[in-house]
A.B. asks: 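So that we are looking at the same thing, I have put the structure below in structure tokens.
Chain naming here is simple, since letters A, B, ... match the order of the sequence lines and numbering starts at 1 in each.
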Amino acid sequence: MQVTGGNSNEKVHWADVCAADVPQDVPHLIATGITPSGPIHLGNMREVVTGDLVYKAMKERGLEVELIYNADDFDPLRKVYPFLPESYSQYIGLPICDIPCPCGKHKSYAEHFLEPFLKALEELDVKPTVLRSSELYRSGKFTEEIKTVLENAAEIKEILERVSNRKLPETWVPFYPICKKCKKISNAEILGHDSEKHLVKYRCDCGYEGECDYSKGEGKLVWRVDWPMRWANLNVTVEPFGKDHAAAGGSFDTGKEIVEKIFRADAPYPVAYEWISLKGKGAMASSTGVAITIDSMLEIVPPDVLRYLIVRSKPEKAITFDPGMGLLTLIDEYAKLAEKGDSREYELSKISSVATDIPFKHLVTVVQIAKDDDSIIEVLKRSGYNVENSDAVLKRAQRAKIWVDKYAPDMVRFTVQKELPSEVYTFTEEERYALEILVAKMEGMPEWNAENLHNAVYKTGEEADINPKAIFTCIYKAILGQERGPRAGWFLEALGHDFVTKRIVEAVGAGAQ
RNA sequence: GGGCCUGUAGCUUAGUCAGGCAGAGCGACGGACUCUUAAUCCGUAGGCCAGGGGUUCAAAUCCCUUCAGGCCCGCCA
């Protein structure tokens, strides 16, 4: 493998390594897929973004490649998850594409969780061809393969028992009929198979005995066989999957042997990835409730930064996501990359639609001063930022606002005190004198702006023979009730002349008593 | 029980495939900027490369082993 272009010290991105590692002379299909059985969370996103990164790397390399996302909406509901009402116990076992939507606004249970996820993908600039298992099964696309599976059930059973080292029941067949009576994807006993008519005779646990036509999607293959069957049917050449599947004896191992021996096809190039966990909370899983959905992430994280989170770590590395201060660091780090603009990581993360260069940290402060959209724009404009693309600016500001509300540590939060904070009583006589000079300067100021305000503080320091730092501290104490605060010049500018001078005068007066 | 992945500075990590001076970023600390305390720039400290053994002229890297965390051998990203 030679991917460095001759310079062995050059760092090569893992996605480019994958792209260089696959066969170079055949058309490629990258398959990603998630079961929408619950809120699709940040962890799930790794699968799709990982696929997308390899897709982009392969494309840039000049390979013929397509990206698909397969929603396994034909999977049964396994239990009443914590986020579901108890009444959903009646639907356990039904394919999630046939279960009513929890909120009533979508076509089905599966679509309820799928729709926001697909929207998020679009925001993340991931544009796969979307397939639904239910539609594929019901269209008869898999008929031939299911027939092959049923005819080779014994050999498949042997592979599964040997490779994954477990014992399956004597009568085990890798096919679940959907019972005509109870509608469940049932672990029914298979009584017979008519390969001409594509019929399977079964006896369901509910007692019903009948036939199902698998060419019409009246049944489903078990996961471990379904997966390799799809590789063969769709011609999958690359597939990212979670580390659970990657373990020895796991579904990739069994799938590999099944696809080779039963379907006479090759397993895809595997890209196994680690979990994303939440700082202090453990791994994400929709079933346990430890999950930040992609939606709630995109509420605070710009989409390109979210991509960057995946881009910067090799797939086999676990990611611990810290939505608090860690997120701010991440955003900063990404902003620096963006500024340089020539790194591979930036190329893979960036999204053309994201276009504002206002530092997120700055917005975190602005949204705590300016309460509505107009004043946010106003404040930003005065500070010299480009606000032409006001939609993008406000969207970013909105993210900062939600972040401050939900995730920010107290350190970066501040409140402009409505009443005079008690800290002003600790001011020394020197400090009060300096503040008096400062107010005088403010009154005589040709224009109320950050630069003049800032200079005024330094001038005051000279004239009153006091360290300007002390004056800054006084200002923060008088306005916020704390010793530190956002950069003083434009902070005061944003607060406005009337409020600032009145407050400082009050503080001087109070301290004098 | 059998197997897979991970472990490098306080934190996030590069380097491991293919052995050749252990590198970044954040944070901390120090300084500069007589235009910024949460801006910017410069600098400093911080490492038994999880532990032990082996191979080698040379090991974070290869082999063996121990420990810690996670995962798989029902279903899961």
A.B. asks: Are A/Asp16 and A/Arg344 close enough for a salt bridge, meaning some N to O gap below 4.0 Å?
C.D. replies: yes
A.B. asks: Can you tell me the Watson-Crick or wobble partner of B/A24, both distances under 3.5 angstrom?
C.D. replies: B/U12
A.B. asks: Kindly point out which of B/U37, B/C76, B/A77 is positioned nearest to the side chain of A/His454?
C.D. replies: B/U37
A.B. asks: Heavy atoms under 4.0 Å, any strand shown: does A/Tyr273 hit a base, just sugar-phosphate, or nothing?
C.D. replies: base
A.B. asks: Given B/A14, B/U37, B/C72, identify the nucleotide with an atom nearest to the side chain of A/Lys314.
C.D. replies: B/A14
A.B. asks: Return the value, rounded to whole Å, for the distance between atom CG of A/Asp72 and atom P of B/C75.
C.D. replies: 13 Å
A.B. asks: If the P atom of B/G1 is compared with that of B/C11, how far apart are they to the nearest Å?
C.D. replies: 31 Å
A.B. asks: Starting from P on B/A18, measure out to CG on A/Asp21 and report it in whole angstrom.
C.D. replies: 12 Å
A.B. asks: I'd like the C1' distance from B/G47 over to B/U13, given in whole Å.
C.D. replies: 14 Å
A.B. asks: Can you name the atoms? Protein N/O to nucleotides 23-27 of chain B N/O, anything below 3.5 Å, with the distance.
C.D. replies:
unit_1, atom_1, unit_2, atom_2, d
B/C26, OP1, A/Lys336, NZ, 2.7

A.B. asks: Considering residues at least two apart in sequence or located in another chain, which fulfil the side-chain hydrogen bond (donor to acceptor under 3.5 Å, both in side chains) criterion with A/Ser349?
C.D. replies: none
A.B. asks: Contact class for A/Arg413 (heavy atom, under 4.0 Å): base, sugar-phosphate, or nothing?
C.D. replies: nothing
A.B. asks: Searching all strands shown, indicate the nucleotide that pairs with B/C17 (Watson-Crick or G-U wobble; both distances under 3.5 Å).
C.D. replies: none
A.B. asks: Between P on B/C4 and CD on A/Glu274, what's the gap in Å once rounded to a whole number?
C.D. replies: 15 Å
A.B. asks: Could you tell me how far B/C63 sits from B/A9 if I compare only their P atoms? Round to whole Å.
C.D. replies: 22 Å
A.B. asks: Scan A/Arg78 against the nucleic acid and name what it touches under 4.0 Å (heavy atoms): base, sugar-phosphate only, or nothing.
C.D. replies: sugar-phosphate
A.B. asks: Provide, to the nearest angstrom, the distance between the CD atom belonging to A/Glu316 and the C1' atom belonging to B/G69.
C.D. replies: 17 Å
A.B. asks: If you only use heavy atoms from C-beta on, which nucleotide in B/A14, B/G70, B/C35 is closest to the side chain of A/Lys243?
C.D. replies: B/G70
A.B. asks: B/A38 C1' sits how many Å from A/Leu363 CG, rounded?
C.D. replies: 14 Å
A.B. asks: Does B/U37 have a Watson-Crick or wobble mate here (both distances under 3.5 Å), and if so which one?
C.D. replies: none
A.B. asks: What verdict does the salt bridge (charged side-chain N to carboxylate O under 4.0 Å, His left out) test give for A/Glu115 and A/Lys119, after you've listed the backbone C-alpha separation in whole Å, the side-chain angles of each residue and the deciding distance to 0.1 Å?
C.D. replies: CA-CA 6 Å; A/Glu115 195 216 78; A/Lys119 235 169 83 193; 5.0 Å; no
A.B. asks: Roughly how far apart, to the nearest Å, are B/G7 and B/U16 at atom C1'?
C.D. replies: 13 Å
A.B. asks: Could you tell me whether the side chain of A/Leu453 reaches within less than 4.5 Å of the side chain of A/Val500, counting heavy atoms only?
C.D. replies: no
A.B. asks: Pick one: which of A/Trp227, A/Tyr269, A/Tyr273, A/Trp223 meets ring pair (Phe, Tyr, Trp, His ring centres under 6.0 Å) with A/Phe241?
C.D. replies: A/Trp227
A.B. asks: Considering just the side-chain nitrogens and oxygens of A/Arg312, establish if one lies under 4.0 Å of OP1 or OP2 belonging to B/A14.
C.D. replies: no
A.B. asks: Atom CG of A/Leu330 and atom C1' of B/C11: how far apart are they, to the nearest Å?
C.D. replies: 14 Å
A.B. asks: Counting side-chain heavy atoms from CB outward, which of B/U37, B/A77, B/C75 is closest to A/Phe472?
C.D. replies: B/U37
A.B. asks: Using both distances under 3.5 Å as the test, list the Watson-Crick or G-U wobble partner of B/G43, or none.
C.D. replies: B/C29
A.B. asks: Please say whether more than 12 non-hydrogen atoms of neighbouring residues, nucleotides or ligands are located less than 6.0 Å from NZ in A/Lys459.
C.D. replies: no
A.B. asks: If you only use heavy atoms from C-beta on, which nucleotide in B/C75, B/C76, B/U36 is closest to the side chain of A/Trp275?
C.D. replies: B/C76
A.B. asks: What distance, rounded to whole Å, do you find between the two P atoms, one in B/U66 and one in B/A60?
C.D. replies: 22 Å
A.B. asks: Starting from the 5' end of RNA chain B, give me the residue, A/Ala246 or A/Lys317, whose nearest nucleotide shows up first.
C.D. replies: A/Ala246
A.B. asks: Could you tell me whether A/Thr35 contacts a base, only the sugar-phosphate backbone, or nothing, with contacts defined as non-hydrogen atoms closer than 4.0 Å?
C.D. replies: sugar-phosphate
A.B. asks: Side chain of A/His41 only, please: which of B/A77, B/U37, B/C75 is the nearest?
C.D. replies: B/A77
A.B. asks: Could you tell me how far B/C26 sits from B/C62 if I compare only their C1' atoms? Round to whole Å.
C.D. replies: 33 Å
A.B. asks: May I ask which nucleotide in the shown strands pairs with B/G7, Watson-Crick or G-U wobble, both distances under 3.5 Å?
C.D. replies: B/C67
A.B. asks: Closer than 3.5 angstrom, by distance alone: can the side chain of A/Arg396 be matched with the main-chain N or O of A/Pro302 as a donor-acceptor pair?
C.D. replies: no
A.B. asks: Between B/C48 and B/A32, how many Å separate the two P atoms, rounded to a whole number?
C.D. replies: 33 Å
A.B. asks: Given atom CG of A/Asn70 and atom C1' of B/A77, what is their separation to the nearest angstrom?
C.D. replies: 14 Å
A.B. asks: Between B/C71 and B/U65, how far apart are the two P atoms, rounded to whole Å?
C.D. replies: 24 Å
A.B. asks: With a 4.5 Å cut-off on side-chain heavy atoms, are A/Glu123 and A/Leu306 touching?
C.D. replies: no
A.B. asks: Contact between A/Leu67 and A/Lys127 at the side-chain level, heavy atoms closer than 4.5 Å - yes or no?
C.D. replies: no
A.B. asks: Using Watson-Crick or G-U wobble geometry with both distances under 3.5 Å, which nucleotide pairs with B/U61?
C.D. replies: none
A.B. asks: Please identify each residue that fulfils salt bridge (Lys or Arg N to Asp or Glu O under 4.0 Å) with A/Glu239, with sequence neighbours left out.
C.D. replies: none
A.B. asks: Pick the closest RNA chain B nucleotide for A/Ile319 and for A/Phe414 by heavy atoms, then say which residue is nearer the 5' end.
C.D. replies: A/Ile319
A.B. asks: Sort out the partner of B/C48 for me: Watson-Crick or G-U wobble, both distances under 3.5 Å, none otherwise.
C.D. replies: none
A.B. asks: Please confirm whether the shortest side-chain N or O distance from A/Lys79 to OP1 or OP2 of B/C75 is below 4.0 Å.
C.D. replies: no
A.B. asks: Take atom CG of A/Leu453 and atom C1' of B/U37, then tell me their distance rounded to the nearest Å.
C.D. replies: 16 Å
A.B. asks: Hey, does the side chain of A/Tyr81 come within less than 4.0 Å of B/C75's phosphate (OP1/OP2), counting only N and O?
C.D. replies: no
A.B. asks: With heavy-atom distances below 4.5 Å as the criterion, would you say the side chains of A/Trp231 and A/Ile258 are in contact?
C.D. replies: no
